There are 2 protein chains.
Amino acid sequence: MGYPREQSIQQATEVFWLKGYLGTGMRDLQTAMDKRPGSIYSAFGSKEGLYLEVLNHYTDVLHEQIMAVANSDNTLQQLREFLRSPLTVDDSAAHKIQCLIVKTQADWAELPEGVKNALQTALANLREAFKAVIIKAQSVGELPRELPEERVAMWLQGQFIALRTLATSVALPASLTWMADKIVSDLTGDWAQ
Amino acid sequence: MGYPREQSIQQATEVFWLKGYLGTGMRDLQTAMDKRPGSIYSAFGSKEGLYLEVLNHYTDVLHEQIMAVANSDNTLQQLREFLRSPLTVDDSAAHKIQCLIVKTQADWAELPEGVKNALQTALANLREAFKAVIIKAQSVGELPRELPEERVAMWLQGQFIALRTLATSVALPASLTWMADKIVSDLTGDWAQ
DNA sequence: GTTAAATTTGAGCGATCGTTCAAATCATAT
DNA sequence: ATATGATTTGAACGATCGCTCAAATTTAAC
């Protein structure tokens with residue numbers, strides 16, 4: 001029972017990531033998961049319940065990726081790789097570039113209360129992970145000690161969002177790689193190229 | 001006939017901005033515009049047609065704001081003001097912070113082809129306006145001549161998107177003002193504060 | 001004041017939405 | 001083999017979706 005559930009969540013993730021929360025219909029999910037409505041509802045309760053599990057899984061994966069940066073040596077180098085990595089996917093996975101949280105947040109006014117809360121929590125969790133990156137970079141001497149960590153973490157999260165959003169509409173990977181590098185430069189504080 | 005049409009577009013803008021393209025129903029628009037369906041359809045053809053006029057109007061206003069920065073003296077100072085300005089609206093207008101184009105783009109996979117094209121065009125137009133700001137700043141000596149203008153314009157558009165997106169979920173205006181200032185600092189190249 | 005054209009009205013169309021639930025099927029234990 | 005519980009099925013519900021169009025109303029011209 002455990003494994004098929006994980007698989008269902010991943011299939012549902014594909015759909016929500018492609019179509020958004022409002023744009024995804026239960027029938028889309030039924031097709032992607034190859035399950036009938038009663039089955040989905042007994043397992044997840046509602047469209048909202050299914051989305052919440054999808055969001056949790058998505059956030060966990062992203063959180064781990066960022067914490068891997070924070071736990072590495074050469075933090076800034078790993079951060080640069082992290083920022084660059086999603087910009088090279090093939091066209092068929094183009095919808096996976098945009099941050100799922102930001103994408104869902106666009107439907108804010110129409111979302112169930114539970115989804116709104118989960119989005120806020122997810123954003124805060126990821127901001128904490130970015131903060132861990134900052135602090136680690138400070139501890140290894142790659143960043144100055146006297147930074148306002150909270151604000152820099154928010155700024156870094158904003159840069160991540162900007163990169164992922166631009167990547168959905170800007171066709172040139174070289175420009176995005178350039179921007180990823182500039183972000184790291186702006187983090188350290190000198191304008192390099 | 002001309003003026004009421006303008007008024008209708010503004011009322012429709014409110015709804016689309018609050019609820020997004022998919023989240024907005026014709027009945028929401030009928031209520032906001034105080035018109036019955038046949039009237040709206042004879043004037044705008046379809047929900048898509050109405051949205052396209054809304055998007056055009058929104059883009060025009062934003063384009064003018066950015067060009068006002070480009071046409072001012074003290075370009076970077078005006079840019080800072082422009083980046084700061086939307087972060088101080090009251091809560092009832094909170095939905096007007098997020099960029100309408102980015103918000104609509106989140107529903108990408110489910111949008112009519114005409115809306116997709118219009119979004120791409122709008123983003124490109126605004127990027128041109130940001131580029132005009134860069135070039136003006138160069139011409140008055142506030143930025144170095146040898147910048148890659150296209151990429152910096154894309155970067156600046158990304159910063160704008162990041163600020164507006166963060167502002168919808170971060171409660172502290174001071175942090176966002178700090179970030180707006182950092183954006184201008186990163187544009188000139190030195191890490192101030 | 002009458003007429004013709006332009007505009008608005010609002011009931012209602014077919015399609016799709018999220019969801020339910022009785023019945024069928026599958027799994028497990030004895 | 002058979003009984004029992006867990007799971008899945010799929011038809012169908014009420015609500016809402018974008019949209020249509022004949023009828024009513026408003027506007028403009030003479």
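Since we're looking at a predicted model, the values are computed, not measured. To find a chain, count down the sequence lines: A is the first, B the second, and so on, and within it residues start at 1.
- The distance between atom CG of B/L22 and atom C1' of C/dG18, rounded to the nearest whole Å, is 16 Å.
- Put simply, the side chain of A/K182 gets close to the backbone of B/D186: a donor and an acceptor are under 3.5 Å apart.
- Going from atom OH of B/Y51 over to atom C1' of D/dC19 covers 20 Å, rounded to whole Å.
- Rounded to the nearest 0.5 angstrom, B/R127 CZ and B/I66 CD1 are separated by 11.5 Å.
- Going from atom CD of A/E48 over to atom P of C/dC17 covers 19 Å, rounded to whole Å.
- Using a 4.0 Å cut-off between charged nitrogen and carboxylate oxygen, B/K96 and B/E14 count as a salt-bridge pair.
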Quiz item: Hey, mind stepping through A/Y58 and A/H63 against side-chain contact (heavy atoms from CB on, under 4.5 Å) and telling me if it holds?
Solution: CA-CA 9 Å; A/Y58 170 83; A/H63 194 274; over 6 Å; no
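- Look at CE on B/M33: it is 15 Å from P on C/dT7, rounded to the nearest Å.
- Taking a cutoff of 4.0 Å between a charged side-chain nitrogen and a carboxylate oxygen, A/K103 and B/D107 do not qualify as a salt bridge.
- Side-chain N or O atoms of A/E53 include none that pairs as donor or acceptor with a backbone N or O of A/F44 at under 3.5 Å.
- Atom CG of B/L29 is separated from atom P of D/dT16 by 16 Å (rounded to the nearest Å).
- Between B/M26 atom CE and C/dC13 atom C1' the separation is 15 Å, expressed in whole Å.
- A/R5 places its CZ atom 11 Å from the P atom of D/dT7, with the value rounded to the nearest Å.
- Across residues 35-45 of chain A, A/P37, A/G38, A/Y41 each have a non-hydrogen atom less than 4.0 Å from an atom of DNA chain C (numbered order).
- What separates NZ of B/K47 from P of D/dG18 is a distance of 4 Å, to the nearest Å.
- When each of A/R27 and B/Q30 is assigned the nucleotide of DNA chain D with its nearest heavy atom, A/R27 is the one assigned upstream, toward the 5' end.
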